[in-house]
Amino acid sequence: MGNTRSGGGLSTTQQAAKFLGVSVLAGAVMAGLALPAVGAFGLAAKGTVEEFDEIPANLKTPPLSERTTILDAKGGEIAKVYSRDRSIVKLKDISPYMRQAIVAIEDARFYEHGAIDLKGVLRAANKNAQNGGVSQGASTLTQQYVKNVFVEEAGNDEEKVAQATEQSIGRKIKELKYAIQVEKELGKKRILENYLNITFFGQQAYGIEAAAQRYFSKPAKDLEVQQAALLAGLVQSPSRYDPVAHPETAEARRNTVLQRMADVKNISQAQADAAKKKPLGLKVSPPRSGCITAVHGAGFFCDYVHRIFLSDPVFGKTREARAKRWAQGGLTIRTTLDPQAQESVEKSVKAHVYQSDRVATAVTLVEPGTGKVLGMGQSRPYGVDKDETQLNLSADKSMGGSNYGFQVGSTFKPITAAAAIERGTKPYKRYSSPYKMEYPSPVSTCKGSWTNNEGSTVENENEHEVGPYGMKEATAKSVNTYFVQLISDIGVCPVTELADKMGVRRADGKEHHQVPSLTLGTEGFSPLTMANAYATFANRGVYCSPVFIESITGPGGKALKVPKSTCRRAMSQKTADTINTLLRGVVEDGTGKQAGLQSRPSAGKTGTTDERRAAWFVGYTPNLAGAVWVGGPGPEGVKMENITIGGVPHDKVYGADTPGPIWKDAMSGALEGKPAQNFVTVPIKDPNARKPDHHRKPGRGGNGGPDDPWPDISLPPDLIGGGNGNGGKGNGGGNGGWHLP
């Protein structure tokens, strides 16, 4: 509000405000626009002037909500999302016909009056008196703009919207005072520009640019006179004059606007008559908002980006503040999604698992060393129709995934192996590994020990899988009893601690169970978690947290802070290199042979759970890691026996025969044209592999020689014993010899 003059008198602006405040109140009552005698501000006739002064003078204009555009890593559009479909444009980018039409039909004296049109008030009062009701209002474009600001500020809060639009004296007076301020500060051209950008035109289109695109699929600057008249006519009642739902009513309203334009000399009568004869000429672009419109099956990736924005404090201190910022929109979000990788994921998924199958598949690809998620897709598309879902099968519960994730089976075993090697177990450690055995007991845990009080047993997949086995062969064959003996030796705690370092946390957010069956993949994890964990092996032991967002710019190109990947060493390079060596064996000669890539070195692990309710393949090259899950998406899952998936019948589903080929095709396409990199491997030579007796010569006992590829790690006590003195180079003999466990 203006400053008082010297001597304590009111400024000219204040005097005008008081006068106009009383005038509009009187005019509103005369026109029948105010229903109660006392409005929202308690304005009675006696107190009107005083209470008008008490209304704050500064209108806080909220930023207009706009579309947010989500892009892939190459700048291609993934989707547009918005709470209100709006693209703000300058007045010069709006057709002159549109500017003329809106003024002609809504406020013909716009350029002649101030914040209030007293002639308009009297005209409306006279008209309403003649009709015996309220048939005309007297709000100027400026007042309408102010009302729309209140509506915009209310957002989706129905109570606040009702307050912003209620027919009361209080609101009218408040609206007027702000209109006076706006007229003074902005001027006519800016008011008209703001009005055309904020106004609702129906069909989810806010602002003239969105309206022009919605109804005519063209920019606002190219609107022809009859098109502009149609859109201008919508403002009074977007639903009543909707040209899609009510074309005849819309045409009549359009012709009314054209005639009004002729009456005020914007166009000639001949132009108006010619325009009236033209058809509506609609070329509707349906509303396309949200992740449901994402290309190449990236709806779930898009949804994940949205959830990151709502959950990460980098975008606002509270969830409410972050949600408000998202709804405001106007963002350009460049993500990590690689279009080549995403298209490959989508193609592979569709080729191997049908949308209508009883089971579903989910695939996630992650770049080792950066944590960038390059691809994410699943066989059930993002949506609400039949065989669609909004459940992200690749994500944890907190990020839109299933409540518990999915048991990962034997894909967890390499984590146990890595934890054992980190604690000094040699990679050629041998166990008896019978076909079936009781869980060893007791087993140390982080909080004490686990005891097999119920005599629980574990068995291998096939009866012919009987040890003894070393770690390499046990990993290639996925021998359950080997890994149960291994975790029982080192304890559960080192395994869960390493899992945490690798980002392997349960999909439901709870702590790991401290039980030895953990090594068999009995807990539920997400494909994203498993892909990123194996990326740690590919990155030679360094874990990098997953990231989806590269950069964000707001309105005007201002850069916003985004969450970055954090990297930390989870295990030694030598441990990671050893796991890479073990898992190369899986795809070369083990259970994952069907998944091995032809053009480059690869490594990975199969996984199948009890009753085959989930099957996995998680694998990687030095520059890309991926996880594939196949199973029933519901809480009960699907027993995958005697089942057809993607048109292929299966007696029993294994990790190798369904997830493996999906992984192979997705990875091959994603890596096409990229350099083939090699793993750093280590020799895993088992000193226990003795020559036949007739080749062995007596020898003197001694320390391990240079044939031991792991001389820097002390040998576990159970591998040192009183041999027969027949050791040779590298094995030792006599009192320091080896024995088979």
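By convention here, the first residue in the shown sequence is residue 1.
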Is there a side-chain contact between Lys477 and Ser410, using heavy atoms and a 4.5 Å cut-off?
no
Smallest heavy-atom separation, Phe617 atom then Gly655 atom, equals CB-O, 4.0 Å
Angle class for the Phe679/Tyr620 ring planes (parallel below 30°, perpendicular above 60°, tilted otherwise)?
perpendicular
Do Pro527 and Trp616 have side-chain heavy atoms sitting under 4.5 Å apart?
yes
Donor-acceptor side-chain pairing of Gln378 and Ser394 below 3.5 angstrom
no
Please give me the minimum heavy-atom distance between Gln340 and Ala670, naming the atom from each residue.
NE2-O, 3.1 Å
Could you check if a side-chain atom of Lys429 sits within less than 4.5 angstrom of a side-chain atom of Asp489, using non-hydrogen atoms only?
yes
Pick from Lys372, Arg334, Lys564, Lys74: which one makes a salt bridge (charged side-chain N to carboxylate O under 4.0 Å, His left out) with Glu550?
Lys372
Is a donor on one side and an acceptor on the other found under 3.5 Å between the side chain of Asn480 and the backbone of Glu459?
yes
Lys/Arg-Asp/Glu bridge criterion (N-O < 4.0 Å) met for Lys347, Glu343
no
When you compare the side chains of Lys605 and Ser478, does any donor N or O come within less than 3.5 Å of an acceptor on the partner?
yes
Do Ile549 and Phe309 touch side chain to side chain, with heavy atoms closer than 4.5 Å?
no
Spacing of NZ belonging to Lys472 relative to OG1 belonging to Thr578, to within rounding of 0.5 Å:
11.5 Å
Working note: Val586 + Thr475, criterion side-chain contact (heavy atoms from CB on, under 4.5 Å); need CA distance, chi angles, decisive distance, verdict.
CA-CA 7 Å; Val586 173; Thr475 302; 3.9 Å; yes
Tyr435 side chain near Asn462 side chain, heavy-atom distance below 4.5 Å
no
Please verify the inter-ring angle class for Trp450 with Tyr439; under 30° counts as parallel, over 60° as perpendicular, anything in between as tilted.
perpendicular
Looking at every heavy atom in both Gly491 and Ser444, which two are closest together, and how far apart are they?
CA-OG, 3.3 Å
Minimum heavy-atom distance Gly669-Ser344, with the two atoms named
CA-OG, 3.2 Å
Enclosure of His650 NE2 (heavy-atom neighbours >12, cutoff 6.0 Å)
yes
Donor on one side chain, acceptor on other, Glu422 and Ser572, under 3.5 Å:
yes
So which atom in His464 and which in Tyr469 form the shortest heavy-atom distance, rounded to 0.1 Å?
O-OH, 4.3 Å
Take Glu367 and Asn623, measure what side-chain contact (heavy atoms from CB on, under 4.5 Å) needs, and give me the verdict at the end.
CA-CA 6 Å; Glu367 184 176 66; Asn623 52 347; over 6 Å; no
Are a donor atom and an acceptor atom from the side chains of Asn460 and Tyr482 found within less than 3.5 Å of each other?
no
Check whether any side-chain heavy atom of Lys436 lies under 4.5 Å from a side-chain heavy atom of Thr481, and answer yes or no.
no
Determine, step by step, whether Val443 and Ile487 satisfy the side-chain contact (heavy atoms from CB on, under 4.5 Å) criterion, reporting the C-alpha distance in whole Å, the side-chain angles of both residues, the deciding distance to 0.1 Å, and the verdict.
CA-CA 8 Å; Val443 177; Ile487 195 173; 5.7 Å; no
Correct closest heavy-atom pair for Ala419 and Leu498 would be N-CD2, 3.4 Å
Any disulfide bond (SG atoms under 2.5 Å apart) pairs touching residues 570-607, not counting sequence neighbours?
none
For Glu672, what residues pass the salt bridge (charged side-chain N to carboxylate O under 4.0 Å, His left out) criterion, not counting sequence neighbours?
none
Centroid separation under 6.0 Å, is that true for the rings of Phe301 and Tyr304?
no
Atom CG of Asp610: over 12 foreign heavy atoms under 6.0 Å:
no
Keeping Asn580 on the side-chain end and Arg540 on the backbone end, is there a donor-acceptor pair under 3.5 Å?
no
Value rounded to 0.5 Å, distance of CD1 in Ile684 from CD in Glu473
12.5 Å
Report yes if the side chains of Lys664 and Leu597 come closer than 4.5 Å at any heavy-atom pair, otherwise no.
yes
Within 45° of the axis and under 6.0 Å from the centre of the six-membered ring of Tyr404, does NZ or CZ of Arg506 qualify?
no
Residue pairs, two or more places apart or on separate chains, that pass disulfide bond (SG atoms under 2.5 Å apart) and touch residues 456-552
Cys446-Cys493, Cys544-Cys567
Just wondering, do Asp657 and Gln594 contact through their side chains at under 4.5 Å, heavy atoms?
yes
Crowding at NZ, Lys674 (>12 non-hydrogen neighbours, <6.0 Å)
yes
Side chain of His512, backbone of Val504: donor and acceptor closer than 3.5 Å?
yes
Please check if the side chain of Gln677 supplies one atom and the backbone of Thr621 the other of a donor-acceptor pair under 3.5 Å.
no
Between Glu511 and Lys447, does at least one N-O distance fall below 4.0 Å, as a salt bridge requires?
yes
